[in-house]
Amino acid sequence: MKKQIFACAFFFIASVCSLCAEQITKFAVVDTSVVYQTYFRESTSVRAYETQKAEFQAEINNLTAELKALQLRKIDAQKSNDQIAMQRLDAEITQKSAYLTEYARAKNIKLDDMKKRLQFADDFYSRLYTVIGRIAESEGYSLVLSLQQAESVLWYSTSVDITNLVIEELSRDR
């Protein structure tokens, strides 16, 4: 009887120990857009993108200022009841508004294109995935999710965010 109790106790303890020995799956998240922005902040291609963006914005600001000036002139023409000036200014406002809208649309498409080319550069992502893999293995993560696919990540604890580790590791690899 003692042998049966001992065997049952041994089996129970062995079962508990084997359950404890199983590895708990650890997840991590990384915000690749933050990594990209931090890592490439000083690169010439990103500086060129930022320069183009500033130039486009300056031109949009100039065009907007011109429109506002025309609108003020139209108000003055309305006050003085100058119908000819009002019609001329109205036509000019319509033309410049259409140009501004088209200019902004075209430049935004160009900027988006530049940004996509920068973000999906094979060299960067190849290095990024290598670093993420190295961190995941050294920290014991079984799965690393991208926060860029936010619709699939409903909630996460900041304790599993390895974005800063990835940035540090990429900086060391330079």
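For reference, positions follow the sequence shown, starting with 1. Note that this is a predicted model, so its numbers are computed, not measured. Computed from heavy atoms alone, side chains included, the values below leave out hydrogens, waters and symmetry copies.
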Worksheet entry | Greater than 12 external heavy atoms within 6.0 Å of Q78's CD | yes

To the nearest 0.5 Å, tell me how far [X] [atom1] sits from [Y] [atom2].
X	Y	atom1	atom2	value
I135	L165	CD1	CG	5.0 Å
N62	L67	CG	CG	11.5 Å
L145	D161	CG	CG	11.0 Å
I93	R88	CD1	CZ	10.0 Å
E137	I132	CD	CD1	12.5 Å
L89	D82	CG	CG	8.5 Å

Using distance only, find each side-chain donor-acceptor pair of residues 49-56 under 3.5 Å and give its atom names and separation, not counting sequence neighbours.
{"residue": "T51", "atom": "OG1", "partner": "R47", "partner atom": "O", "Å": "2.8"}
{"residue": "Q52", "atom": "NE2", "partner": "E55", "partner atom": "OE1", "Å": "3.2"}

Test item: [X] and [Y] side chains (from C-beta on) under 4.5 Å apart, heavy atoms:
X	Y	result
L111	K115	no
R134	V131	yes
I162	E139	no

Worksheet item: Do side-chain atoms of D113 reach the backbone of I109 as a donor and acceptor pair under 3.5 angstrom?
Response: no

Practice prompt. Determine, stepwise, if the pair L63 / K96 fulfils side chain to side chain contact (heavy atoms under 4.5 Å, CB included).
Written response: CA-CA 8 Å; L63 293 170; K96 288 202 183 247; 5.8 Å; no

Worksheet, complete the sentence: Between M86 and A77 the two heavy atoms that sit nearest each other are CG-CB, 3.6 Å

Worksheet item: Do we see a donor-acceptor contact under 3.5 Å between the side chains of N164 and E168?
Response: no

Worksheet item: Is Y129 reachable from V34 through a run of I, L, V, M, F, W or Y residues, each pair having side-chain heavy atoms under 4.5 Å apart?
Response: yes

